[in-house]
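Input: a single structure, listed below in structure tokens.
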Amino acid sequence: MTHSADFWFGLLEVIWVNVLLSGDNAVVIALAARNLPPARQRLAVGGGASVAVLLRIVLTLLAARLLLLPWLKIVGAVLLVFIGVGLLAPAKPVTRPRNRRSGVGVAVRAIVIADVIMSLDNVVAVAAAAQGSLTLLIIGLALSIPLVVFGSTLLLKVIERFPAIVWLGAALLGFIAGQMLVGDPAVTPLMTRIDRAASLASDVLPLFAGILGALIVLGLGRLRLSRARDS
């Protein structure tokens, strides 16, 4: 009975941790699917979230080794910036029915790539919650899919009413990218020296890096929209 109680408690813990850490993932899912018709939004959200969770299981199993690899977070940060800028692209009217599937494919690809990149840090907490149990990990992450999908769907409705939220979501991706970059093992010694030389608190540089990343995404997105209008 105690073993059963431990299992269910551990399962709830995995689900809870994953849902808490998936707020930013829900944002990118909603942004990637916002330009699709309602029926295809559901397909993109459900498919993207499901594939992303499967990849997250693999990432969680490899978390300890992955996070020690230098340059991995830097590459991820650059990719997140490009994704954030790309998500600011204006909606394009669908004029060719035969291209409808490609819109879903592009959205799913953006969802999966961004989710995997942003989950590099999250998987450590999820792995700790699972306490080495592959069963808890798989079941917990699988059961959290509907909650993430629900959050993304709800956010889509909010974006429809308040389009400016798209820019906040893109800024969030840039903020995450900036913090991810300065957390890479390849630049950790440099960041430590800067902290000591400037007598900064340990969280000041990541905050500045996050703000800079958000500004870069918004600036590049603005430039891209201006060029699109000119052309």
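Val204 pairs by the side-chain contact (heavy atoms from CB on, under 4.5 Å) definition with Leu200, Ala201, Phe208, not counting sequence neighbours.
Residues Ala107 and Ala44 approach most closely at CB-CB, 4.0 Å, considering heavy atoms. Minimum heavy-atom separation, Val28 to Ala114: CG2-CB, 3.6 Å. For Val45 against Ser152, the heavy-atom pair with the smallest separation is CG1-CB, 4.0 Å. The shortest heavy-atom contact between Leu156 and Ala30 is CD2-O, 3.1 Å. In terms of heavy atoms, Val149 sits closest to Ala49 at CG2-CB, 3.8 Å. What you find for Arg34 and Gln41 is that their closest heavy atoms are O-NE2, 3.3 Å.
Distance check, rounded to the nearest 0.5 Å: CG of Leu88 to CD1 of Ile83 gives 12.5 Å. To the nearest 0.5 Å, atoms CG (Leu207) and CG (Leu212) are separated by 11.5 Å. From Leu155, atom CG reaches atom CD1 of Ile29 across 10.0 Å, with rounding to the nearest 0.5 Å. For the atom pair Asn35 CG and Leu87 CG, the distance stands at 9.0 Å (nearest 0.5 Å).
Annotation for Phe82: hydrophobic cluster partners, listed by chain and number, are Val78 (ILVMFWY side-chain heavy atoms under 4.5 Å, direct or chained).
The hydrophobic cluster containing Val51 also contains Val104, counting ILVMFWY residues as joined when their side-chain heavy atoms lie under 4.5 angstrom apart, directly or transitively. Under a hydrophobic-cluster definition in which Ile, Leu, Val, Met, Phe, Trp and Tyr are linked whenever side-chain heavy atoms come within less than 4.5 Å, directly or via other members, Phe162 and Leu154 are assigned to different clusters. In the hydrophobic clustering of this structure, Ile211 does not group with Leu80; members are Ile, Leu, Val, Met, Phe, Trp, Tyr whose side-chain heavy atoms approach within less than 4.5 Å, directly or through other members. Placement of Leu225 and Leu31 within a single hydrophobic cluster is found when ILVMFWY residues are connected by side-chain heavy-atom separations under 4.5 Å, directly or transitively.
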Distance-only check: which donor-acceptor pairs under 3.5 Å involve side-chain atoms of residues 168-193, not counting sequence neighbours?
residue	atom	partner	partner atom	Å
Asp184	OD1	Trp71	N	2.8
Asp184	OD1	Ala186	N	2.8
Asp184	OD2	Trp71	N	3.0
Asp184	OD2	Leu72	N	3.2
Asp184	OD2	Lys73	N	2.9
Asp184	OD2	Ile74	N	3.3
Thr188	OG1	Asp184	O	2.9
Thr192	OG1	Thr188	O	2.9

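With respect to Leu136, the side chain to side chain contact (heavy atoms under 4.5 Å, CB included) criterion is satisfied by exactly one of Ile15, Leu11, Leu12: Leu11.
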